[in-house]
Each structure stands twice: as C-alpha cells, then as structure tokens.
J.: 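Supplied in structure tokens, the structure appears directly below.
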Amino acid sequence: MRRVAWAGRVLLAAGLAGGAALWVPAAQAQNATAIIEGKVSDAASTRGLEAVSVFISDTRLGGVTNAQGTYRIAGIPVTGGSRTVIVRVRALGYTPASKSIVLTGGQTAKADFALSTSAIQLNQVVVTGSGQKTETKRLGNTVAVITPPVNAPINDISNLLSGREPGLVGVVGGGMSGQGAQIRIRGNSSLSQSNEPIIFIDGVRMNNGASGGGGGGGAMTRLDDIDPNTIERVEVLKGAAAATLYGTEASNGVIQIFTKVGSQGAPRWTFNAQQDAIAFPDRVAPNSGFARRQSQADSLSLFYGRTITPFEPFTTKVFYDNLTELGQATTVGSTVTGGGNAVTYFASGRVYSENGPFGGSQFGAATDEVRRIQTSANLTLTPFKNFRMRFNNNYYNIQNKTPETNNNIYGVNSLAFMARPELANCNRSTLVSPGVCSGPGNLFGNQAFMTVREAMGQLNESAINRYLGSLDMSYNQTTNLTYSATLGYDYTAGRDIGFSPFGYNKDLFTSQTVTGARSVFNDNTRVGTLDAKVAYNKAIGDNWTTSTVGGLQVFNTNQQTTSANSQAFPGPGIEVVGAGGTAITNGEGLLTTINGGYFGQTQVGFRDWVFGTVGGRYDFSSAFGENAPGVFYPKASLSVVPSDRKSWNSTTLSTLRFRAAWGQSGRQPGAFDKFTTFQPLTSEFGAGLAPQNLGSEDLKPEISTEIEGGFEAGMFDNRLALEFTYWDRKVRDALVSRQFPQSGGFRNSQLTNIGEISANGMELNLRVFPIRTATSSLELFANAAYLKQTLTSLGGAPPIKVGYFRYRGFLKEGDPLGSIYEPLLAGPCPAGGPATNQAGGRINCYNPATQAPINFNGRNVTGSALAPATQAELLAYFATPRDLLNSGVQSTLQPLLADYQGTGILLEQRNGDVFPDWTGSLGGTYRFKKNWRVQTMFEYRTGFKVQNLTDGFRLSQHPSIGSNRIEFTNIHATMLNPASTPEQRLAAATEYVTKYRRLLEPGLNQGQDGTFMRLRELAMTYDFSPTLAGKLGARTLSVTASGRNLLLWTRYPGVDPEVNAIDRTASTLDQNFLASTEAFGVPIARRFAFAVNFGF
Amino acid sequence: MQTRFMQSLKHRTRQLRTGALLVGASTLMAGCGLFDTNVANVNAVTEEALSNPTAAASLVNGLGGALNNAVNGIIGVSGAATDELGWAGSREYWNLLDGGDIGDPVNEYSNGTYPFISAARWQGDYTVKALEAFGATLPNRADLARAYIFAGVAYLFIGENYEDFIIGSDRTTSTASIGAANMQITLDSAIAYFSKANALATTVANTELQRQALGLRARARFSKVVWQKLRAPRGFPAQPLVNDAGAIADATAALTAMGSAGYRFRLTSTAQNSGGYFNTGFEMNQRLELRAGAEYTNGTVTAVDAGLAGIRLVDPVTSEKDATLAVAINECCRQSTGQFLGYTLTSGREMNLILAEAALAAGNTTEFTTRINAARAIDGKAAWAGTPTAQAILIHERRVGLFLQGRRLHDHYRFNQPADKWLPIRAATIRPCFFPISFDEATQNPLAPKPAQDRPTACVR
C-alpha cells in the first residue's frame, strides 16, 4: 500500500468521503414549518447590511442577508402549533443582537435588527487554529481578523496585510512593479529556516514561494497572485501558542485567507473599474561631479549645454529625469453571486494591468510591468440540511517584467545612481544636442560595467500559471457531531526568463555577454492538502459546555525545477537558449516533502464566560525519514470574560476579557538535511561527485514555546476598545546552520539543533468611535507592537555571518537578532585621561585641538602606541592637493577606530539591529453627510538601522563607481583643488573620515537610523444613495479617489528606509536577518487612483 | 413506543455506521501511506553509494572539478596581488589586493578562496584513500594515478601560496594549523603524491599521466627551494636562483616524456565548473573587475586588438611587443575570451625555465642559453644572445611564459621587484608573505590561529 500514489490516495479519500456522504439518508420528514424574515441594518445610518449571518439559536438553521440587508429563513420546524426561537445576528464590526420570536406553523414571522457598531469583537467567529467555528471570546489566544477595508487603495494581498495588525509586518523588496513583500509575524522564530508564516486559503495550504528576481529583476511573491477583491477576511495566528494545531512549520504563525462565498438570491453583479497613476517620489539624490581641468570643463560645458568650471561641483538628476515616468495601472473586475436554498455560487474575474513608473523607454526595452488575470468560482451545495459541499476553483495568470534592479552592477537604476556626470561623453559618436549623442556614447558617465542605455537592453520576465482548487465537505450527523474534510490542490507553473539580446551593447561599452545571453528557469510546484476532522460539541446541564475536535492533516509538496542557460547567439533575432554557443548549462531539481499530523483539542466552557482549552498535535515529516518518531506539540489556554456574567452591568466598562495561552509548534529542517550526501560536480574530466551535506542523524525540529496573555476592554458601550497582549517565546533546539571548519572538507554548513532564541513583545490596539450618528461616524485606530529578540545560545558554534561581505549582519551569541556590526570611529579623548571602553580597557581617542581621528598611514595597529594624526602632519600632507579616489591617499587617511565594546574586534562593534523595536499604524475612517467616507492609514517603524549600501558607494571614496553625491563631491573637489589651502583640505579630510569614509573598513558609517512614518493609505469615497444609483440603472454605486504611499517622514538620508535589497529569492539566512538593507533599490512609488464600483 | 424506540435505535445505528465509515476512511488513508515519509533524494547520493568501486571515476572527476574551482580562485587572488592583474571594478577588496594587502584575512577574495582549496585538499586525500581501498576491484588503475595527481596539485598550490594552513581537519573535527615554519611539508606531500602517480602511471603505461606527474614533481621540487629561500629565513634572498638536483632530474625526464617544449597540462573551467567564490575569467572578461596588468597591456584589450595589438610589455631582446605574452593574453584576458579559462599546471616551457635557472645558478651559460632559447622559440621569438643580462631575461621569460599560473608572487619576492600597484607604504615595509588562513576558518576552528584585528600585520616586517 505504500506504493499507492499521492493522487490515488487523494482520490481514494475523496471517494470514500463522498461515498459516505451520499450514503447518508435524506433528512427525515418534518412536521409543519414556519418562516422568519426581516432586515438587518446599521443603527446609525439605517442602511441595510449585506452578508450578515442570521441564525436560529441551537439549530443549524440560518441565512445571510442580501445587498439590501434582508434575509429569510424558511423551513423552521414547528411542532405543537407554536414554538419560541431565539434569532441571533452577527456582523463584523457590530455588536451582536438577538431576539426571541414566537413562530406559528405555516406562517411568516418578522424580525428586524438595527445593529450598533462596536469597537470590540469578542463574538466574532473564527476557525483558524481552533479546528472548528469558535467565537474569539472562547479562545485564550489572539486570532486577528483582517477584513479588507471598503474601497481602500489595495492592489494586492501584501497591501492588504501591511499595517492592519500589530506584530504583522510586510517587508517590501523595492518599488518596482510587482515586487512583493516578505511577511513577518512577531519577528523571527528560526535562525536557519524560513520565517514566513504558513498560509492557507479556504483551508488549503498554498504555495507561498516567490519567483523572478534571480536574473536581477524584482521578485514577486505567490501571495500576491490572489485577487484581493475575492477576500472576505483573513485570520492571523501570531505564534506558537495559537498555532499549535498546525504543528511543525507553524511557529511563525498562520495566515488563513477566506474567500467570498455565494449567498441566496437572484444574481447580483458588481463591477469595478480603477485607474491608477503611479510616480516615484524624488528621493534619489542627484549625481554630482566636477571637472579636474579646464579642457574637461570645456568639453562638459559643451556636452551639458551649460557652463562648467573646474573644481566647482555640478549636479544632474540622472535617475529622476531620465528613468522615471508617470506609470499607470488599470483594474477591471467583476463578481456575481446568487443561488437558492440548495446551491449558491460566487464567481469573480479581475484583470490588473500595470506599467509602472520606471521609464527610460527611449534608451531600451526594459520596463516594469505586471499583469494579473485572476479568476475564481465557487459553488456551495447543500443537498441535505446536514451536508454541505463547496467547490473552489481559482486560476491565475500572472506576468511580470522588470529591468535589472537592486544590488546589481548591471542594474539600470544602480548604474544611474552610480554614474559620474563628469565622465559623460559622446566619444564614439557626435554630440547632437546637449546630452544627446548620434550613436554610441556614455550619456551619464558610467565608469564601469555598462552604460545605463546598455542596461536597458536587458530584460527580465516572469510568468505564472496557477490553479488552486479545493473540495470542502461538512456533514452534521447530529446537532452535536460534525464531520468535515478539505481536499486541496495548488499547482503553480512558473517560468522566469532573463534575456540580453545579441548586440544590446549599444554604447560599445560593456563586455558582458554582448552577443546575447538567455536563462530560463521553470518551477512546477504542487501542494496537496488533506484535512479531515470531527467535532463534537455538547452542553452539559445549564452551566457547562464542551467542544472537542480531532482530525488529521497531510500536506504533500512536490517541486520540479528545470533550468537552462546559454550565451553567445549566432546573430540578432534569436531568443532561445538552444541558440547560445557558450556557457551552456542546464539543471534539474526534484524535491518532495510530506508533512502531516493528528490533532485534537477539547474546550470546556462555564456559564459562557469562562473557557479552558487543552489540545495538541502529533506530527510527522519526511525530513526525518520513515522510521523517525513523531513530535508532539501541546497547548493550553484560558479565557475569562467577566463582562459576560449575568451580573455585569457596567456601561462604562462594557466589555472585559482576560486571556492566557501557552503552546508549542515547530519548524523542520530541509527534506534531506540529515543525510551525508555527495552532489554532482561535472568538470572537463567528466561527470563527478563532490561533498554536499555533512549530515546529522540526530536532526529534529526546532521547538517554539510561546506564552501570551492579555486583555480586551470595551468602554462606553463598546465605543472604545483597548486590546493588549504580552507574549514571550523561547525556541529550543533551534536549527543552527553551523559552519564546521572549512578545512574539514565540507564547505556547506550543517543544520544542528544547538541554538536557543528568546523573544518577547507587546501588542497594543486601540479603536474608538467618537462619532456615531445617523449621518456621520468616525472610527479611529492606533496600534503598536514592540519586539525584542535575543540569540540566547548558538550552542558553541562560531558566529554566523549573514549575507555578502558588505552587509554587516552576524548572528552572535547573547546579542539581539538582526544585529549589525560595524567599525566605529574613535571619539575625542575625555578631559583628564584616556578613553576607555565598556570593559575598562584603554581605547583609541584623539585630541580635537591638535589631532584628527585619522590613523595616519595605518600606523596604529593593535597593541601599538596610540598616535592619532596630528594636525601639523596632516597640514604638511595637505600642502599639495590629494585625490580621495587614489588608493594611496585612502591608505594614508585611514580612520582611527575604537574598540568601544571591548570585544577585541575593531571591525565588529555592535551598532544596532535591522528589526524595528516598534512598528504600528494609525488612522481611521470618517463618514459624513451620509454618503461620504474618508479612510486613512499611517504606518510607522522605529528603533532600527538601515544598512545604507547605496550611499556606501555614492557618498564615499570609491575609485570607479559612485562617489557622486554632492556632500562627497564637495570634499573631493576641495581636497583636489590646487587653489584650496592646506587648512581647507584638512577640514575636508576630517569631514570625510568622520562622515563619509566607507567600504574600506566594511560597514563604517553604513548603519543609519531608519525611523519613518508613511501615509500609507488615503481614500475618499462617495456612496450614491440607492435612489440615485437606481436612476443610473445600478443597485449600488460608489466612486473613490485614493492614494497610497503618498507621504514619507524620515530622517533617513538614503533612497527609502523601507525598501530592502533582500527579497524572497535571497538565501533563507539573508531573508531572515538582512531586513532593512538598502542597496540600489528604487523608492516605493506613490499611487493615485480613481475607482468606480457599481452593482446591479 | 417500541416502534419509536426501534426507529431511534436504527437511526443511531446508521449514525454510528456513518461515523465509523468516516473514521475508518481516515485510518485507511493513514494506513495507505499518507504519512509515508520515506521520500527519495534523486538530486544527490548518500555516502554509502561511494563504497562501490564503480564510483571511483566519479570521485576522481569530482576531485578534478573541486581542484579546478580552487585553482581558478587562487590564480585570481594571486594575479590581483601581483602585477599580472589590475583592479578596475566595484569591489574594493580587489583593490586592496592590488595594493599589496596580501596578508589580510578579512579580504573577501582570499577568504572566499580558502574553503575551495581546503575542500580540494580534503577531497584529494579522501579520494586517494577510497581508491586505494578498492585495491584489485578498482576498475581502472589510471583513475588512482589521476587521483594522486589531483591530490598533489592541491597540496602544491597550498605550499606555493599560503602563509600557513590547516591540514588535519576532517568534517567536524578541527585541528591546529601546521605553522608557517612547517609549510614545506605541504610541498613534500605534493611530491609524494606525484611520485606515486608517476610510479602507477609507469605501471599502467599511461604516458600522459607520466608527463603530468613528472612535470608537476619538478615544479613542486622547484617551489620547495623557493619556499626555503623566502621563508627559511624570512626575507628577500640574496641568491634568488634555484638549482635543485631533484627538480633538474624531474624537469629533464618530464621534457623527454612531454616530447615537445610546447606541451602543457591545463585545467580548464567549464560552465558547470567555473570557479568557487568567484570565477577569475568572469571577473576579467565580463564583470571587468580585473584586467591584465597595466605593465602588460594597454588597458582594456578586446577582440579588435587581437595578437600583439594592445600588448604593452616588450621583449627585452627585440624591444618588440612580447609574442609569448600576446599568446597568454589571447587565451585569458581579452574580453572576447569569455569566462571559462584554462590554467596551466605544468609545461615544457616551465621545464626549460627550471633547467635554465639551474644552469644560470651553476654558471653554465651554454646550458642556460639553450634552455632559455628553447622557451623563447615556442612563440618564435628571436634567440637571446647575452642582452639583457641572463637573470633579466630569465625573469622576463618567467613573467610572460608563466603568466597567470600563480608564480609571479614568488618572483616579485625572490627578485625583490615589487608589483607596480603595491602601495609605497606597503612596499616599503613588506616582507615576503602569502595568503593567510581565512578569517572564516579562524572563526570556525577553535584551534586556528586568530588574526590581528587591525589591517594586516602579516605582511609587515
């Protein structure tokens, strides 16, 4: 039986489950029935509320309101002539309501509800992490629910998640079209494994990978494949205490996306059309340079058409003036929903087409474009009252084009950022007009790699075809007993292409694959989901209730990749890998991983205000082989809601709940990390093998144990709500990617369970409705999350370097996670004695009156006498002009460094970390004059450093690229100008060493305060009255003008404190610990949008 | 009443049956292997698979690939640290090597090269041991001879290029360095491996492997004398010339076996095997971080100026652009050359240069003239007839004839001729020094010597 294929197993399971369902006899004949109908409306505005759940207590009978807010529940059994039922109403954002209704057989009763908005939502029903539908008040852990704000400027899921919930942060890769975000919830719970949360859509585990980016373009995330218009809500489990039932892989939290389902009634259509204008903010500092001699000044004057004087810096806005444009995006979408008692349906389609703000089409074909075709259709069948089936089908076709970007010497923007205006020329052709050459030239002054125009000839393209489908079944055998199962399949066919056409070197400058190059990478990933569970809920007497759920989950992920690369095409016009004559490579990778587990949970409730829950999960994974035992993850939680006691009658403190939860979940290593392996290494001698994995038989999952506690308080009739959570997490047996001595033969690091991470944090959420009248309402919110993470132990392993050499991240025992380590300049000596460090040891310092913080000619070495450069010797040195781009000058003017922390490692002084201490957002929604609505959100982050590598080049002494921001150019020109005095040169040199000396001592002056606040969303909507909409032939009609990322407040001097060169295609270690790394990315674009939404 | 009871009972029975079926289905699915966690890794093999003698050739080929990665790296850092290559790109650590910062353990390129030469060293010993253990079951004994040669080359490059090294580590076990004063033992290991290769090649009558083994042993013996001149004691030698009987014998035998002064044994990069931390060919010809040194060429050289065009260094005999260098530049350093270069490990030219130097050291001008002109004749250059001096023409012929083969650093030191871009401050204080044990190794290996934290002191007197 072990040989039964996965697909076969799924079919078998489906068949068995389906067969079982069909085998169930039809519901027994009922006696007389009655009907309840009515309207649910907003108490303030009296407007009908759509999609509100109305149900009859203690039965499975219920319905959902239509667009007018009306509902109808038919077939309510009435025995003995009449019956009293309790009708309950739950709507997101409103206080629940209920009414007692007396029914008479064969008649229709009326029950209208006017709901008041509520800032607190303890009765909200969630399913994620609890195994079945459960009110949040019954759970001891937090389950955040994000509902898409109506008409907010949200184009993808990354937009939807960011800033909505404290502790959930989106880290964007850059401002190019289609660049997705990394998602982090409560920081990092793993050192070596992915810290992305696991994501489900309607109960199906989805491929949350990324694509693109490998060739130098921007990377997309699979999360953004999902159409945001189809989303009803998103539930977020933030950590191990809440996510235990998801077991291994859930320690970074769980995000579950719920899509919209059909509701009964005639077909109801919606149409949405939106037009965006997109622009880069002018945050890229101009390029500057200066002429060294009169002849050069004359040539430059001619080239630029303005007077340029030797040693007088001048500037040009290379990026902003030449490579940006007003981008645009168009969205057209439609949905339809309807159905009857037994069948409801929902279908949607959306086409999103964006040509982003990256411009420069006059130079080459590179562009930033994204096109998403997103379709969804689901069908809910209720063939019997106790049996429901739902088929979900989603198909996505995504295409993305980006130029070469980010930290990339062939990047269009990086080359624009690095160009030196004084090197611009038309040397290989003639000057037609200022800045325009008749043929090959160097328009912006690139000194190395290629010109901007040549870079524009390189193309990157990604294409995704994806099907995501599921079959969800639920069978209520009795009022108490429910079986449910979900079968899911997520298939993604991805294709990434990097292409440089034959002869793209228009300026005859570059030597990089000038006869063309092409790379193709195909990734076919299948994720299969089986989730089956049984729930038993029962009341025991009047005081006690029990809810028990048990089941199993299995996820089978199969990834097949192929790649091919070649260079040197025989001529222009050929665009296939097979035509390349050199550097021909191909590759194939096959990877299957299977994770699964059994879970169970029991919840006991007392008088509906005290709830205790215990549960656990027993997990298996292919990462540990077939003979490895499983892993058990336990959980327990307590929720106490004093305000639900019958004796509670405070209106000032209208709602109060305390909660606490404890639980574990895990993270597993890679599929084959436990084995010692040899990998293919082909050489000129033939096919060969070379060491790969060291292997470790003892490998096991890392275990994350989290405790969280907090409270929710609703005040003044729930017009104000305050939520507070404190959490504390310990990760034991943390998987450390340990690098054993490379002299031992194996270059790859090996995962070992030797680490320990501790983390804690707070989350605050404040929501208030200061205005709530018939014609206007105001809702304000503010949230904040504090995060502190410490690498408690590396188990004796040496510190781990994170990322490329110029990035200064290390993982060091005892230090905060994400720390950056940089050299620090010596300071002035204190009066009366030498400077000392934290350990009491003497450190370098200088006397500002007579010395400079310069290690002249590098004469100070460890253990030698301290002798900063004297001003006298520097003045002598600066008696002649000095060129800061000269290696000899750089070597002479070395910075005087100090070992402030007494570690003995001058180049690795801890200088902050890349994860913000505080993150959060604030904003609100204001409805006025009945039909107007303004929504806004500001997002902020503070307490972190950005590694500003862009200015590491642009503000420094680099001989061949960069060195072109005016701050540095002024210094450079002063030191080189024969007319400068030695004193002026000395002052310039001192400024250089203290502010702009970079790269040569890796990290010096590189980490900069990244604190920012951004006006993330601003939208104004006008909702037409039903009467006016009707006159226009519509049922509903609204227009919205909105903006996204409109304003940025920051002291960060670089391009953008939020962009990050480390995206989802970087190594896992880099993704985990190099957040906030700015390296030649473009700023996040501003968007202005106008949308029309109507329904009929 | 009984009927209602029976109906209820039947109903409950049906419910139980339904539940039992669903539970059973779940159990069945689990039993069918939904939790079958035994998945195969078809992307790699486990170490057990290597115990089969049929894996011998794959092990040796893999060793060749690993060696190619390592040599590719060492040639790059060595070229940058000498006058052979000059930096022109974005990465400042090439610049620091250019300026003579050879002893800096933090330098990303020497740091990045170290694990690849370490891996080749380890894999060489591992492969030799594995193939020797196969004994008579080894399908092709020439594979073992190849393994000896590759393993020996790894030790040879370590001995020629590193200040100190760690040899005994194995997988997770750390060992201390052998010490700068003991580094000649790496050359002894190389010589021992080449001797075994020569013996086995003779046994199996593999002439090509014999040539390689003899030529490499001559080089190793020559390098061992150079090592002694530069490091025992440390300094610039008053008598820089090498005259070693073992090297002479091997070079003579190798020349005979090679059959032609133009013979070369080269490693060649391929797209699948194009370097480790970096690829020197890519750095030179595509990324353009490095270019042929300013004393050798006129800056950027492209296909347009093939041959002698673009060559700056002149032959001191004819005062014409050097033809030997032109051949070397054509092979390595024109932007049209691409990124997959070949690296000569031993050659007939080198044998003649070894013999010429020994003759010069012994005062045998006739033999020197014969040998040096044999080397010059390969590229059709006019014969040397006494001008410039014998030592000058020897230095020149080594410079152009062994270009980008990892020998130039030795010659800078032993003839006390600093590279053109070594910073005066460093040139003034420098002593013969070589690449250090990497910063990463020092961090990972508790027994490794810990480098100074300031800028390199290893190369300062």
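Letters go in sequence order (proteins before strands), and every chain restarts at 1. Worth knowing before you read on, the calculation uses all heavy atoms, side chains too, and leaves out hydrogens, waters and symmetry mates.
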J.: Sort A:Gln567 into side chain, backbone, both or neither according to what part of it lies under 4.5 angstrom from a heavy atom of chain B.
T.: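 For A:Gln567, side-chain heavy atoms alone lie under 4.5 Å from chain B.
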
J.: At a heavy-atom separation under 4.5 Å, does A:Ser887 approach chain B through its side chain, its backbone, both, or neither?
T.: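 For A:Ser887, the contact with chain B is made by backbone and side chain together.
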
J.: Applying side chain to side chain contact (heavy atoms under 4.5 Å, CB included), can you list everything that pairs with A:Ser956, at least two apart in sequence or on another chain?
T.: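 If we apply the side chain to side chain contact (heavy atoms under 4.5 Å, CB included) test to A:Ser956, skipping adjacent residues, the hits are A:His958, A:Arg998, A:Leu999.
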
J.: Examine whether an atom of A:Ile409 lies under 4.5 Å from a heavy atom of chain B, and if so say whether it belongs to the side chain, the backbone or both; otherwise answer neither.
T.: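 Contact with chain B involves the side chain of A:Ile409 alone.
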
J.: Would you say the side chain of A:Thr593 lies within less than 4.5 Å of the side chain of B:Val39, judging by non-hydrogen atoms?
T.: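 A side-chain contact is absent here, since even the closest heavy-atom pair is not under 4.5 Å.
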
J.: Looking only at heavy atoms and a cut-off of under 4.5 Å, which of B:Thr46, B:Asn111, B:Thr268, B:Thr270 has the most pairs with chain A?
T.: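 Option with the top pair count is B:Thr268.
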
J.: Kindly indicate whether the side chain of A:Pro691, heavy atoms from C-beta on, has any atom under 4.5 Å from the side chain of B:Trp122.
T.: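 Counting from C-beta outward, A:Pro691 and B:Trp122 do come under 4.5 Å.
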
J.: Non-hydrogen atoms of chain A under 4.5 Å away: do they reach the side chain of B:Leu267, the backbone, both or neither?
T.: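 For B:Leu267, the contact with chain A is made by backbone and side chain together.
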
J.: With rounding to the nearest 0.5 Å, note down the distance linking CD in A:Gln742 to CZ in B:Arg121.
T.: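 Spacing of CD (A:Gln742) from CZ (B:Arg121) equals 12.5 Å.
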
J.: Using non-hydrogen atoms and a 4.5 Å limit, figure out which bit of A:Gln692 sits close to chain B: side chain, backbone, both or neither.
T.: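 Contact with chain B: side chain only.
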
J.: Using the ring centroid of each side chain, check whether B:Tyr109 and B:Phe278 are separated by less than 6.0 Å.
T.: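 When the ring centroids of B:Tyr109 and B:Phe278 are compared, they turn out to be within the sub-6.0 Å range.
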
J.: Which distance, rounded to the nearest 0.5 Å, do you find between the OG of A:Ser960 and the CZ of A:Phe449?
T.: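 Here the rounded value is 6.0 Å.
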
J.: By a 4.5 Å heavy-atom criterion (distance strictly below it), what part of A:Leu694 contacts chain B: side chain, backbone, both, or neither?
T.: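 For A:Leu694, the side chain is the part near chain B, not the backbone.
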
J.: Report which part of A:Phe678 has an atom under 4.5 Å of a heavy atom belonging to chain B: side chain, backbone, both, or neither.
T.: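 The answer is both parts of A:Phe678.
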
J.: Given heavy-atom pairs under 4.5 angstrom as the criterion, report whether the side chain, backbone, both or neither of B:Ala448 touches chain A.
T.: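 It is neither, since no heavy atom gets under 4.5 Å.
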
J.: Among B:Ile167, B:Ile166, B:Asp170, whose side chain to side chain contact (heavy atoms under 4.5 Å, CB included) with A:Ser743 holds?
T.: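 That would be B:Ile166.
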
J.: Top residue by heavy-atom pair count (under 4.5 Å) with chain A, among B:Asn41, B:Asp440, B:Asp125, B:Leu63?
T.: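 Looking at each option in turn, the highest pair count goes to B:Asn41.
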
J.: Given the options B:Ala271, B:Pro446, B:Ser169, which has more heavy-atom pairs under 4.5 Å with chain A than any of the others?
T.: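 Most heavy-atom pairs under 4.5 Å with chain A: B:Ser169.
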
J.: Please flag which part of B:Arg146 lies under 4.5 Å from any non-hydrogen atom of chain A: side chain, backbone, both or neither.
T.: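 Contact with chain A: side chain only.
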
J.: Among B:Glu48, B:Arg287, B:Gln123, who wins on heavy-atom pairs under 4.5 Å with chain A?
T.: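 So the answer, after comparing B:Glu48, B:Arg287, B:Gln123, is B:Arg287.
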
J.: Considering only heavy atoms and a distance below 4.5 Å, find which of B:Tyr126, B:Phe282, B:Phe340, B:Trp87 pairs most often with chain A.
T.: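 Highest number of heavy-atom pairs under 4.5 Å: B:Trp87.
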
J.: Taking atom CG of B:Leu59 and atom CG of A:Leu681, what is their separation to the nearest 0.5 Å?
T.: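 Interatomic distance, B:Leu59 CG to A:Leu681 CG, rounded to 0.5 Å: 11.5 Å.
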
J.: Which bit of A:Gln447 comes within less than 4.5 Å of chain B, counting heavy atoms only: side chain, backbone, both or neither?
T.: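 Looking at A:Gln447, nothing touches chain B.
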
J.: Would you mind reporting whether B:Tyr93 and B:Arg91 have side-chain heavy atoms less than 4.5 Å apart?
T.: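 No - every pair of side-chain heavy atoms lies 4.5 Å or more apart.
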
J.: Using non-hydrogen atoms only, which part of B:Val42 is less than 4.5 Å away from chain A: side chain, backbone, both, or neither?
T.: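 Just the side chain, heavy atoms under 4.5 Å.
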
J.: Side chain, backbone, both or neither: which part of B:Ser90 has an atom under 4.5 Å from a heavy atom of chain A?
T.: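 Answer is both: backbone and side chain atoms of B:Ser90 are under 4.5 Å from chain A.
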
J.: Against chain B, label A:Ala690 side chain, backbone, both or neither, depending on which of its atoms sit under 4.5 Å from a heavy atom there.
T.: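 Its backbone and side chain both get close to chain B.
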
J.: Quick check for you: among B:Arg171, B:Lys421, B:Glu289, B:Glu47, which has the greatest number of heavy-atom pairs under 4.5 Å with chain A?
T.: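 The answer is B:Arg171.
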
J.: Checking heavy atoms, do the side chain of A:Arg738, its backbone, both or neither come under 4.5 Å from chain B?
T.: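 For A:Arg738, no heavy atom lies under 4.5 Å from chain B.
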
J.: Under 3.5 Å, is there a donor-acceptor pair between the side chain of A:Asn855 and the main chain of A:Gln894?
T.: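 A pair under 3.5 Å: no.
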
J.: Measuring from B:Ser118:OG to B:Ile158:CD1, what's the distance to the nearest 0.5 Å?
T.: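 Atom-to-atom, B:Ser118:OG and B:Ile158:CD1 are 6.5 Å apart.
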
J.: Counting only non-hydrogen atoms closer than 4.5 Å, does B:Tyr114 touch chain A with its backbone (N, CA, C, O), its side chain (CB onward), both, or neither?
T.: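 Just its side chain gets close to chain A.
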
J.: Under 4.5 Å from any heavy atom of chain A, what part of B:Ala66 do you find: side chain, backbone, both or neither?
T.: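 Contact with chain A involves both backbone and side-chain atoms of B:Ala66.
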
J.: Would you mind checking which part of A:Thr513 comes under 4.5 Å of any heavy atom in chain B, side chain (CB onward), backbone (N, CA, C, O), both or neither?
T.: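 A:Thr513 touches chain B through backbone and side-chain heavy atoms alike.
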
